[in-house]
Peer 1: 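Structure in structure tokens, see below.
FYI, side chains are in, hydrogens and waters are out, and symmetry mates aren't considered; it's all heavy atoms of this structure. Note that the structure is predicted; figures quoted are calculated from it, not measured. Residue numbers run from 1 in the order of the sequence given.
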Amino acid sequence: MASKARELQPHWELPQASSQARFPSLQVYNSLTRTKNQFVPVASDAVTWYTCGPTVYDDAHLGHARNYVSTDILRRILRDYFGFRVKFVMNITDVDDKIILRGRQQHLFEQFKRDHDAQADGPTSASVLEITRTAFQQYVQKNLPLLPPDVTPEGYNTVVGKYYRRVLDGQALEEGAVAGDKEGKLKVHLKTAASAAEALQNAPGLSQFLTQAEDILLPYLDSLHGSDIDSKDHSIFTKLTRKFENRFSEDMQSLNVLEPDVITRVTEYMPEIVNFVAKIIENGFAYQTSDGSVYFDIEAFERAGHFYARLEPSNKSNKELQDDGEGSLSKSSLKRNDNHFALWKASKPGEPSWPSPWGEGRPGWHIECSAMASEVLGKVIDLHSGGSDLRFPHHDNELAQSEAYWSASGNTRVQWVNYFLHTGHLGIQGMKARQMSKSLKNFTTIREALLRPEWTPRSLRVCFLLSSWADTIEVTEELLKATTSWESKLNNFFLKSLEAARTRDGVSAVDGTRKTSPADQQLLDAFDKAKKELDAALSDSFNTPAAMRVLSDLITEYNLAQDPSDDVLLTLSRWITRIVTIFGLDSEGDLLQADRLAWSGLEIPTQARPYVYPASKLRNKVRELARSGSLDYAVIAQHVDEARLPTAQATAPANAQPYVQVLEDFRKDTGRLVEVKASAKDFLLLCDQLRDTHLWNLDIYLEDRDPPLPALVRPVDRSLRNARAAGENAAAAKKAAKLQREAEDAEKKRLLGEKAKVSHLQMFQTSEFSEWDADGVPVKDASGKEVSKSRRKKLVKEWEKQKAMHEEWLAGQPKI
């Protein structure tokens with residue numbers, strides 16, 4: 001029977017659209033079938049979607065951003081482009097081994113600080129120092145076993161290089177091996193021990209001391225008091241999880257990720273989870289052990305005709321992945337088979353617990369998703385998503401549990417999920433996102449990333465859109481440049497659209513008041529083609545790289561067109577704006593606003609517009625005349641007068657006063673230059689000052705274009721600041737290099753001057769020689785041996801050169 005079970009093949013029955021149903025022709029890459037399948041939801045009224053959410057015990061990193069932003073993109077396309085109603089459910093894992101350990105350690109550490117008055121930054125007491133020394137010894141012995149067991153904080157820096165030099169130098173611990181996670185963890189331990197050793201040697205104020213020694217005190221305090229924690233006091237752990245759940249939500253909001261329709265938290269579904277496990281036991285696919293744990297019986301599951309490890313059959317016997325999924329129970333001797341996984345874990349002392357028929361315990365990692373998703377979405381779910389590292393064992397175990405739960409007598413072929421979507425990892429400079437480990441402390445949090453010049457919420461999303469959602473992304477310099485280039489191209493196009501909308505004459509080719517030009521018709525044809533190509537791209541398993549090329553190519557068509565009308569520009573802009581809003585690239589985007597022309601962030605403040613646009617218009621006129629080569633002061637004076645606003649400065653709102661001042665100052669300064677009949681250079685300098693200083697300081701920039709096009713008025717954003725900073729840094733570096741060259745040249749000149757002071761008659765009067773001719777050229781060396789002909793020839797050349805230098809120097813000296 002077992003042999004027969006092993007020969008079973010995965011069985012999938014994807015839903016088929018009925019003749020009455022009308023669904024978009026959308027193909028989706030399905031991890032279950034490892035191919036693209038037509039997407040047909042079970043029900044016609046709504047798509048059910050469950051996604052694995054975060055385990056909340058630390059801040060989310062860029063690997064998480066890759067998963068949740070990419071999932072958000074697919075959700076938006078499914079909802080806003082294809083028109084499906086979507087019920088989107090995400091879980092929050094707020095109890096597991098990592099959370100329990102971290103929450104318990106933080107609780108004990110806070111208690112330790114209270115017991116030792118850590119709030120008052122006084123001196124570190126002898127008792128704290130003694131406890132920390134013991135913690136140091138325990139930490140080093142456990143995590144750095146190559147060090148002598150009696151190593152002291154004072155001797156740590158002396159001996160650590162002897163035993164761990166290879167790791168400190170970035171090499172593998174064993175010669176001939178390749179450095180990996182093992183060395184990464186050792187580096188963390190070495191750094192932690194070094195920090196504590198420094199604190200113990202210097203004994204700074206208590207607050208700073210505890211900051212430096214925290215990471216060695218946490219495991220030590222836990223080893224002393226962890227088992228004494230009240231398992232019923234769940235607040236010890238939820239205090240940690242609520243904090244990081246809130247921070248995760250803030251991170252998602254900053255990345256413009258839509259909120260889930262339903263959030264499920266493990267701690268809020270304990271009765272449902274217990275009932276779910278009980279049903280699996282009842283159906284004959286799980287068993288209880290003597291310690292009160294419950295395990296899934298894979299052999300019983302397969303004997304009943306099911307297939308285990310449907311997503312990754314090749315990893316079915318992967319012990320490393322199995323152990324990683326089992327956590328603290330990976331080496332349990334009570335299981336009937338090593339590959340069986342826990343549905344319910346008996347809680348140990350110091351762990352939170354909930355009542356169950358099998359005793360006090362807590363859920364296994366995998367069961368939580370099966371129980372909560374089934375409770376909220378039912379027996380069959382359309383879509384299930386998560387990072388690609390969750391395929392096995394997490395999602396394979398979810399599938400097995402859920403099919404075991406929903407299986408009833410005579411119905412062994414239950415398909416719990418029809419489509420699995422697994423997002424690819426994020427690689428940064430060769431480091432895969434799966435290697436971004438909180439234990440290795442080698443990850444970049446979302447918060448940290450958004451403070452860096454290369455990332456904004458929009459640019460991060462653009463980066464993900466330029467790559468397939470299912471593939472690993474390697475963030476290289478080339479990809480960063482492509483991201484910046486694509487975003488800049490859209491910015492410039494949208495700025496033209498906004499300018500056209502502000503200055504257009506209202507005449508439209510669409511309403512028949514203007515005849516469509518050949519250039520416009522060519523663009524309208526390109527527009528029709530783009531819409532078809534974008535639809536084909538998104539229908540092909542959400543092929544966003546192809547869709548992004550469609551948008552870029554359409555803008556290129558516009559940029560190459562000969563004098564296209566504003567009407568066509570605005571038509572293209574409205575459509576492109578809608579698509580980028582669907583992609584989530586505009587946090588203020590509103591799909592109900594059909595005439596929206598650009599994504600947010602490109603328009604200057606409302607209160608600035610009555611004053612900045614006239615200033616820019618005046619500057620355009622002045623700059624054009626100054627560059628023409630024939631200044632007409634009367635015309636400039638007329639433009640200055642036209643820029644005078646009917647609204648007096650005193651009646652302008654307070655928040656508009658800085659912009660009023662800029663306009664008035666520019667008018668007055670231009671008028672003064674007219675009065676003195678200044679040069680074109682002076683007028684151009686004034687124009688540059690308005691752009692580079694006065695408006696820049698108000699976060700507004702005038703982007704000059706080739707005449708006769710006016711400057712584009714735009715807000716100063718991060719990309720402009722970065723470009724300006726890069727330019728200033730390059731200029732500063734160039735200036736520094738020039739100063740250095742000048743200093744080196746001056747030093748060379750000084751040294752030559754000093755050398756020129758030496759008389760050619762005396763230059764060889766050294767111990768290297770013993771006899772010279774009448775001109776001072778050496779005849780014999782120090783030993784009395786005659787200087788060879790070849791050497792004497794070289795010496796004569798040097799003498800002649802020095803003679804010329806010295807005589808030139810003498811000629812330049814003042815005569816007395």
Side-chain angles (χ1 to χ4, degrees), residues 9-52 70-90 258 260-262 306-307 310-312 369-370 373-386 388 390-391 395-396 398-400 402-403 405-407 411-424 468-471 531-544 546-547 579 582-583:
Q9 295 300 311
H11 179 79
W12 296 282
E13 292 182 357
L14 295 173
Q16 301 295 316
S18 67
S19 58
Q20 292 80 20
R22 291 292 181 268
F23 294 115
S25 181
L26 169 63
Q27 296 286 315
V28 174
Y29 182 82
N30 186 357
S31 297
L32 273 172
T33 61
R34 290 178 280 284
T35 188
K36 294 176 185 177
N37 302 124
Q38 183 180 0
F39 179 68
V40 180
V42 173
S44 59
D45 59 336
V47 172
T48 54
W49 188 337
Y50 181 85
T51 192
C52 285
S70 295
T71 301
D72 183 69
I73 291 168
L74 305 189
R75 178 187 174 190
R76 287 172 179 271
I77 294 171
L78 199 66
R79 185 192 72 174
D80 298 329
Y81 184 82
F82 289 110
F84 288 101
R85 287 184 59 244
V86 178
K87 185 175 183 179
F88 189 84
V89 181
M90 183 181 75
L258 295 170
D261 297 310
V262 180
H306 297 281
F307 189 91
R310 294 168 66 178
L311 289 164
E312 289 196 350
C369 289
S370 294
S374 294
E375 178 69 21
V376 178
L377 297 176
K379 187 175 183 178
V380 181
I381 300 171
D382 292 313
L383 292 165
H384 192 332
S385 61
S388 58
L390 296 181
R391 284 194 183 99
H395 287 164
D396 268 325
E398 276 188 51
L399 278 170
S402 301
E403 292 175 10
Y405 174 83
W406 288 109
S407 292
N411 180 18
T412 61
R413 300 258 188 204
V414 174
Q415 183 138 307
W416 181 55
V417 172
N418 286 331
Y419 304 87
F420 260 103
L421 309 179
H422 287 106
T423 56
S468 168
W469 59 272
D471 294 339
K531 287 189 286 187
K532 293 175 184 176
E533 290 178 344
L534 183 118
D535 185 76
L538 297 184
S539 298
D540 182 18
S541 193
F542 312 104
N543 187 348
T544 60
I579 300 304
I582 289 173
F583 290 168

Peer 1: Rounded to the nearest 0.5 Å, what separates atom CD in Glu398 from atom CZ in Arg391?
Peer 2: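 Atom-to-atom, Glu398:CD and Arg391:CZ are 14.0 Å apart.
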
Peer 1: Which residues pass the side-chain hydrogen bond (donor to acceptor under 3.5 Å, both in side chains) test with Trp416, not counting sequence neighbours?
Peer 2: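 Applying side-chain hydrogen bond (donor to acceptor under 3.5 Å, both in side chains) to Trp416 gives Ser374.
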
Peer 1: Atom CG in Leu383, atom NZ in Lys87: separation rounded to 0.5 Å?
Peer 2: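 The CG atom of Leu383 sits 14.5 Å away from the NZ atom of Lys87.
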
Peer 1: Aromatic rings His422 and His395: how do their planes relate, parallel, tilted or perpendicular, breaks at 30° and 60°?
Peer 2: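 If you compare the ring of His422 with that of His395, the planes turn out tilted.
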
Peer 1: Kindly compute the distance separating CG (Leu74) from OG1 (Thr423), expressed to the nearest 0.5 Å.
Peer 2: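 It is 8.5 Å, given to the nearest 0.5 Å.
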
Peer 1: Once ring pair (Phe, Tyr, Trp, His ring centres under 6.0 Å) is applied, do any residues pair with Phe88, and if so which ones, sequence neighbours excluded?
Peer 2: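 With neighbours one apart ignored, the set is Trp49.
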
Peer 1: Arg79: which residues meet the salt bridge (charged side-chain N to carboxylate O under 4.0 Å, His left out) condition with it, sequence neighbours left out?
Peer 2: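 Counting only residues at least two positions away or on another chain, Arg79 forms no salt bridge (charged side-chain N to carboxylate O under 4.0 Å, His left out).
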
Peer 1: After noting the C-alpha distance and the side-chain angles of Leu377 and Val262, does the key distance pass the side chain to side chain contact (heavy atoms under 4.5 Å, CB included) rule?
Peer 2: CA-CA 10 Å; Leu377 297 176; Val262 180; over 6 Å; no

Peer 1: Could you tell me which non-hydrogen atom of Gln38 sits nearest to which non-hydrogen atom of Pro24, and how far apart they are?
Peer 2: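 Where Gln38 meets Pro24 most closely, the heavy atoms are NE2-O, 4.4 Å.
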
Peer 1: Would you please name every residue forming a side-chain hydrogen bond (donor to acceptor under 3.5 Å, both in side chains) with Ser388, sequence neighbours left out?
Peer 2: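 Once residues adjacent in sequence are excluded, the partners of Ser388 under the side-chain hydrogen bond (donor to acceptor under 3.5 Å, both in side chains) criterion are His425.
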
Peer 1: Taking side-chain hydrogen bond (donor to acceptor under 3.5 Å, both in side chains) as the definition, give me every residue that meets it alongside Asn30, ordered by chain and number, with sequence neighbours left out.
Peer 2: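 Asn30: side-chain hydrogen bond (donor to acceptor under 3.5 Å, both in side chains) contacts with Asn37.
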
Peer 1: Check side-chain contact (heavy atoms from CB on, under 4.5 Å) between Val42 and all other residues, then give those that pass, not counting sequence neighbours.
Peer 2: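 With neighbours one apart ignored, the set is Val380, Asp382, Asn418.
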
Peer 1: In chain order, what residues pass the side-chain hydrogen bond (donor to acceptor under 3.5 Å, both in side chains) check against Asp540, with sequence neighbours excluded?
Peer 2: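 Expected list: Lys36.
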
Peer 1: Quick one: closest heavy-atom pair of Asp396 and Arg310, and the distance?
Peer 2: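 In terms of heavy atoms, the two residues are closest at OD1-N, 2.9 Å.
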
Peer 1: Under the rule for ring pair (Phe, Tyr, Trp, His ring centres under 6.0 Å), what residues qualify as partners of Tyr419, not counting sequence neighbours?
Peer 2: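 If we apply the ring pair (Phe, Tyr, Trp, His ring centres under 6.0 Å) test to Tyr419, skipping adjacent residues, the hits are Phe39.
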
Peer 1: For the atom pair CG (Leu421) and OG (Ser70), what is the distance rounded to the nearest 0.5 Å?
Peer 2: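 The OG atom of Ser70 is 11.5 Å from CG of Leu421, to the nearest 0.5 Å.
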
Peer 1: Closest heavy-atom contact between Cys52 and Leu390?
Peer 2: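 Closest approach of Cys52 to Leu390: CB-CD1, 3.8 Å.
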
Peer 1: For Tyr29, does its backbone N or O pair with a side-chain atom of Ser541 as donor and acceptor, under 3.5 Å?
Peer 2: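 Present.
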
Peer 1: Applying side chain to side chain contact (heavy atoms under 4.5 Å, CB included) between Ile77 and each of Phe542, Phe84, Trp469, report the one that passes.
Peer 2: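 That would be Phe542.
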
Peer 1: Considering residues at least two apart in sequence or located in another chain, which fulfil the salt bridge (charged side-chain N to carboxylate O under 4.0 Å, His left out) criterion with Asp80?
Peer 2: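 Asp80 satisfies salt bridge (charged side-chain N to carboxylate O under 4.0 Å, His left out) with no other residue.
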
Peer 1: Would you give the length of the straight line joining atom CG of Asn543 to atom CD of Gln27, rounded to the nearest 0.5 angstrom?
Peer 2: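 One finds 13.0 Å between CG of Asn543 and CD of Gln27.
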
Peer 1: How many angstroms lie between atom OG of Ser385 and atom CZ of Arg75, to the nearest 0.5 angstrom?
Peer 2: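 The OG atom of Ser385 sits 10.0 Å away from the CZ atom of Arg75.
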
Peer 1: In chain order, what residues pass the ring pair (Phe, Tyr, Trp, His ring centres under 6.0 Å) check against Tyr405, with sequence neighbours excluded?
Peer 2: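 Phe276.
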
Peer 1: Looking only at atom types and distance, does a side-chain atom of Asp72 sit under 3.5 Å from a main-chain N or O of Leu258, one as donor and one as acceptor?
Peer 2: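 Yes, because the side chain of Asp72 sits within donor-acceptor range (under 3.5 Å) of the backbone of Leu258.
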
Peer 1: Using 30° and 60° as the class boundaries, would you call the ring planes of Phe420 and His384 parallel, tilted or perpendicular?
Peer 2: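 Phe420 vs His384 ring planes: parallel.
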
Peer 1: Please report the closest heavy-atom contact between Ile381 and Ala373, naming both atoms and the distance.
Peer 2: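 Closest pair (atom of Ile381, atom of Ala373, distance): CD1-CB, 3.8 Å.
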
Peer 1: Would you be so kind as to tabulate the donor-acceptor pairs closer than 3.5 Å made by side chains of residues 532-539, with sequence neighbours excluded?
Peer 2:
| from | atom 1 | to | atom 2 | distance (Å) |
| --- | --- | --- | --- | --- |
| Asp535 | OD1 | Tyr81 | OH | 2.8 |
| Ser539 | OG | Asp535 | O | 2.7 |

